[in-house]
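Worksheet for the structure shown next.
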Protein chains: 2
Amino acid sequence: MRVSLKDVAEHAGVSIKTVSNVVNNYQHVTPATRQKVQRAIDTLGYRPNLTARHLRKGRTGIIALAVPELGNPYFAELAGAVIDAAAEHDYTVLLDHTQGRRERELLVAQGFSTRVIDGLILNPLELEAEDLAARTDDAPLVLIGERRYDLPYDHIAIDNIAAARAAVRHLLDLGRRRIAFLGARRDRPSQPAHLRLLGWQAELAASGVAADEALVARVEGWDRADGAAAMAALLDDGQRPDAVFAYNDLVAIGAMRVMAERGLRVPEDVAVVGFDDLTEGRYGMVTLTTVAPDKQAIARLAVESLVGRLSGELAAPGRPRQLQPHFTLLERESTLGRAPR
Amino acid sequence: MRVSLKDVAEHAGVSIKTVSNVVNNYQHVTPATRQKVQRAIDTLGYRPNLTARHLRKGRTGIIALAVPELGNPYFAELAGAVIDAAAEHDYTVLLDHTQGRRERELLVAQGFSTRVIDGLILNPLELEAEDLAARTDDAPLVLIGERRYDLPYDHIAIDNIAAARAAVRHLLDLGRRRIAFLGARRDRPSQPAHLRLLGWQAELAASGVAADEALVARVEGWDRADGAAAMAALLDDGQRPDAVFAYNDLVAIGAMRVMAERGLRVPEDVAVVGFDDLTEGRYGMVTLTTVAPDKQAIARLAVESLVGRLSGELAAPGRPRQLQPHFTLLERESTLGRAPR
DNA sequence: ATGAAAGCGCTAACAC
DNA sequence: GTGTTAGCGCTTTCAT
């Protein structure tokens, strides 16, 4: 924390401004002066104080990313991708996880580390539109994730309804008819997981298959244990689905473990489709068919969106953009072969 | 970015200092004044500019954590724990991942986001002692992870040799004798994975079992795919281990997948022990026996160590501390039952 | 091409 | 109990 511009200036016998010019690679500096200053910088081991620079410039070069849970590999991978994308724009990333708790999400939306960050990428789970509308912090915000709000913020997410429909379509094509949905939450229309549930209903309806509400299993969270509990509850309830569409891969993996314990074969007895394309799904007892969102694209678009707002290119705050990266359905062992007759 | 202390002061008809006193909850302010100022703060929507505060105080309240790879659930979980521990000390966490590449580790060690961070927690993989010794950045540094350096930095890690020995001991107790080690790297004594390999050798030696170098499988990285490749190579080489001790759970999971594909049963034919206690290991084809480091303790100790240095309590930089959190061996299905005779 | 000086928003001495 | 003032280290007019 020692040496400042002033020290270097004195050492080199020039003014502060000149040193600043050298440090910032300003054009009009004579080679001789530049060299002299550079030498002083090297001997003194000067490193610019970014905090001061930030104060002066009004920006910090730091953006924040808040995801529900780093223990979920999907968010961990996404975080990694965001860090890489941010680095390309010379931003560093402050990371927080909200644990899917409303008060933490609120805290983050309200002004995470007030003013040390230039902008925020947030993946809300529990936050309602009014929470976000009441936001007073003026740092630009970009939303990611399944939930949609009618608010003046850019939003990056794949088309969750279409993705869910593709998954259910695949199961229907296999001849499955009793397709369970694992991972619904509450009954609010704005609930998390709502869009995927909607996709499930829509695709069944389009194929003239009755959507049996008894086949919708509710969960507390979306981890492996929740998937296991939901599947167990479904089976204990006497339900006998011939396929499962899970909210995400973790839920699917938990469900598959329960099925294995109870002697149900995947995919023979029950075909399974997950969501997220976790690497883990490629190494389980049975490799997992899954909806694969383009995580790199999500990260890249979120960062570009935010950086665009920050640089003023995309100033108009009244024109939020809805960006939808691609997804693909990756067919693996868990949906191999047609339904038993 | 609008309203500053000055604006509030003018609005409330008091001095800047008084507003500052209120904002910082300074004792000696009359309730009347406090209320008046608070009202001004509320109406104007004032929020302190942390950058300015940081510049003045010489610290930012941000610490950095650099891990090899967020895609590895171990590091993702650890990162989550560090974020939580840091929050308890009013620090936020800037996260970076080095992808286990030396130049990125070097960059981080040299001065990650120069001076925006107060200190750094680093988990090096490829960095050598001289790299770290040549470090010029003066932000306090705390090291975590398997590798050990004789340098003046605190280091937090479980006793990797003892942990590896416990794993091998467990396999020996089961009657296994041809115990492979999956996950060695190069031949440098300081190589990553060295301590666990050393533990493997030591425990075999202590039991009078010959350490067969042909049973040491080398890897490029430590992900599932690397474990799969290593196991395949071992089998292709004609080796027939009756047990596998893997560098970590991901390597173990990759290896188990290959064994399943080749008709080898776990644990009947090959018992498997991993390392890290990933949740994933509890939901695989066979639940995975593993060495479970106390991640919460590692995160807590690393943060406390760093915060201690920052607050000056643990000033003496010449006295690095080696802290060793506990570990436990969690026995699961992958090592159930004795060896076939 | 380089220098002088102001000021980003805040805290900490030191007055009163 | 409250006000004044001087910087923290940097960038940025405006001179020269």
Task: Listed nucleotide nearest any side-chain atom of A:T18, set C:dT2, D:dC10, D:dT2 - done: C:dT2
Task: Selected nucleotide, minimal atom distance to B:S4 side chain, candidates C:dC10, D:dG3, C:dA1 - done: C:dC10
Which whole-number value in Å describes the distance from [X] [atom1] to [N] [atom2]?
X     : N      : atom1 : atom2 : value
B:R47 : C:dC10 : CZ    : P     : 12 Å
A:Y26 : D:dC10 : OH    : C1'   : 17 Å
B:K6  : D:dG3  : NZ    : P     : 16 Å
A:H54 : D:dG9  : NE2   : C1'   : 12 Å
B:K36 : D:dG3  : NZ    : C1'   : 13 Å

Open item on the list: Under 4.0 Å from OP1 or OP2 of C:dC8: is there any side-chain N or O of B:T51 that close?
Closed with: no
Task: Below 4.0 Å: OP1/OP2 of D:dT2 and any side-chain N or O of B:T30 - done: yes
- [ ] Could you tell me whether the side chains of B:N21 and B:H28 share a donor-acceptor contact shorter than 3.5 Å?
- [x] no
Task: Heavy atoms of other groups near A:E88 CD, more than 12 under 6.0 Å - done: no
Open item on the list: For a quick check, with a 4.0 angstrom heavy-atom cut-off, what is the B/S/- contact string for nucleotides 11-16 of chain C, read 5' to 3'?
Closed with: BBB---
Task: Near-ring test A:Y153/A:H155, centroid separation under 6.0 angstrom - done: no
- [ ] Determine, stepwise, if the pair A:V108 / A:L120 fulfils side chain to side chain contact (heavy atoms under 4.5 Å, CB included).
- [x] CA-CA 9 Å; A:V108 163; A:L120 170 66; 3.8 Å; yes
TODO: Would you mind checking if B:E126 and B:R147 are paired as a salt bridge, meaning a charged N to carboxylate O distance below 4.0 Å?
DONE: no
Task: Exercise: identify the closest heavy-atom pair between A:V142 and A:S305 - done: CG2-CB, 4.0 Å
